[in-house]
Amino acid sequence: HFAQALYLEHQSGRQAALDYMGLHRSALSAAEREKPTTAPRSEDEVNHSLVNTADEELYRSKAMYVWWMLRDMIGDQALKKAFAAYRSEQDKEPSYMPRLIQAQTQRDLEWFFDDWVYRDRGLPDFKVASAFTRKTLPEGYMLTITVANLGAAGAEVPLTVRFAGGEVTKRLLVRGKSNGVIRVEVQKPPEEIVVNDGSVPESDTTNNTFKIEAADASK
């Protein structure tokens, strides 16, 4: 699935790849909802983790998103170097590939592998909790945006501020059951904020858009 998404991006652009990934989102969400919960929560998180699951849909679809999110976070070159360093004879434990990836970046990614690979903490659920606009001089607007993650899995998610004639996209890390705050500067009065472009699987995508009233944008 990941290879197909990369191919589509190369042939037709990022949106084509995201559309393809979106075809698997509902199946992934359904698989997450239908997980048996007979064991204690901590055991469930391990038993249904990406490294332990026997659910093919969960494995293939979730793995696709995990690779894509990693690529968005660390970049193409770092991921390619990690793949180049891979040796099948050394791949004897689940932490092998994450260690290769970690070696290519200065970022702490332990939280990501814990939420998405070693444990199954479900899916994130992002919403814009608040957005405050301040007029800047000579021209421009500064937004202070708080994004809430109602789910238990954290992710670095793209956030887009749209205005007449353009948009600005930034990335924001929001851990599970937490808030993240980001400041975004735009040239014209902001009209809309969209959190997530489809690159991060969510349990609920109906709350991803936040409309900014004209009166608020002119402050």
Point to revise | Closest heavy-atom pair and its distance - Gly198, Tyr65 | key: O-CE2, 3.6 Å
Review point. Can you check whether Phe113 reaches Leu70 side chain to side chain, under 4.5 Å on heavy atoms?
Key: yes
Point to revise | Residue pair Lys135 / Tyr141, side-chain heavy-atom distance below 4.5 Å | key: yes
**Study point:** Contact summary for Arg121 and Ala152, nearest pair of heavy atoms
**Key:** O-CB, 3.4 Å
**Study point:** Partner set under side chain to side chain contact (heavy atoms under 4.5 Å, CB included) for Ala148, not counting sequence neighbours
**Key:** Lys127, Ala129, Leu150, Asn179
Review point. With Asp204, which residues qualify under salt bridge (Lys or Arg N to Asp or Glu O under 4.0 Å), at least two apart?
Key: none
**Study point:** side chain to side chain donor-acceptor pair (under 3.5 Å) partners of Glu156, counting only residues at least two apart
**Key:** Arg107, Arg171
Practice item. State, to 0.1 Å, how close Phe126 and Asn208 come at their nearest heavy-atom pair, and which atoms those are. Key: O-ND2, 3.0 Å
Point to revise | Close side-chain approach of Val194 and Glu167, heavy atoms under 4.5 Å | key: no
Point to revise | ring pair (Phe, Tyr, Trp, His ring centres under 6.0 Å) involving Phe83 - partner list, sequence neighbours excluded | key: Trp67
Check your understanding: In chain order, what residues pass the side chain to side chain contact (heavy atoms under 4.5 Å, CB included) check against Val181, with sequence neighbours excluded?
Key -> Thr144, Thr146
Exercise for review: Identify the residue among Asn196, Asn207, Asn149 that makes a side-chain hydrogen bond (donor to acceptor under 3.5 Å, both in side chains) with Glu202.
Suggested key: Asn196
Review point. For Pro190 and Val161, which heavy atoms make the closest approach, and how far apart are they?
Key: CB-CG1, 3.9 Å
Determine all donor-acceptor pairs shorter than 3.5 Å in which one atom belongs to a side chain in residues 15-27; sequence neighbours excluded.
{"unit_1": "Gln15", "atom_1": "NE2", "unit_2": "Asp19", "atom_2": "OD1", "d": "2.9"}
{"unit_1": "Tyr20", "atom_1": "OH", "unit_2": "His1", "atom_2": "ND1", "d": "3.2"}

Review point. Mind checking what makes side chain to side chain contact (heavy atoms under 4.5 Å, CB included) contact with Phe163, not counting sequence neighbours?
Key: Val168, Val186, Lys188
**Study point:** Check: Ile145 and Phe210 side chains under 4.5 Å, non-hydrogen atoms
**Key:** no
Practice item. Check whether any side-chain heavy atom of Pro124 sits under 4.5 Å from a side-chain heavy atom of Val157, and report yes or no. Key: no
Check your understanding: Gly154 and Trp116: which non-hydrogen atoms are nearest, and at how many Å?
Key -> O-NE1, 2.7 Å
Practice item. With sequence neighbours excluded, tell me which residues meet salt bridge (Lys or Arg N to Asp or Glu O under 4.0 Å) with Asp108. Key: none
Check your understanding: If you measure only the distance, is there a donor-acceptor pair under 3.5 Å linking the side chains of Ser203 and Ser29?
Key -> no
Revision key, fill the gap. Residues passing the ring pair (Phe, Tyr, Trp, His ring centres under 6.0 Å) test with Tyr96, sequence neighbours excluded, are Tyr86
Review point. Got a sec, which residues hit salt bridge (Lys or Arg N to Asp or Glu O under 4.0 Å) with Lys211, two or more places apart in sequence or on another chain?
Key: Glu192
Review point. For the residue pair Trp68 and Phe2, does the interplanar ring angle fall in the parallel (under 30°), tilted (30 to 60°) or perpendicular (over 60°) class?
Key: perpendicular
Exercise for review: Return the set of residues passing side chain to side chain contact (heavy atoms under 4.5 Å, CB included) with Leu172 (not counting sequence neighbours), or none when no residue passes.
Suggested key: Val147, Val174, Ile182
Point to revise | Counterpart residues, salt bridge (Lys or Arg N to Asp or Glu O under 4.0 Å), relative to Arg175 (two or more places apart) | key: none
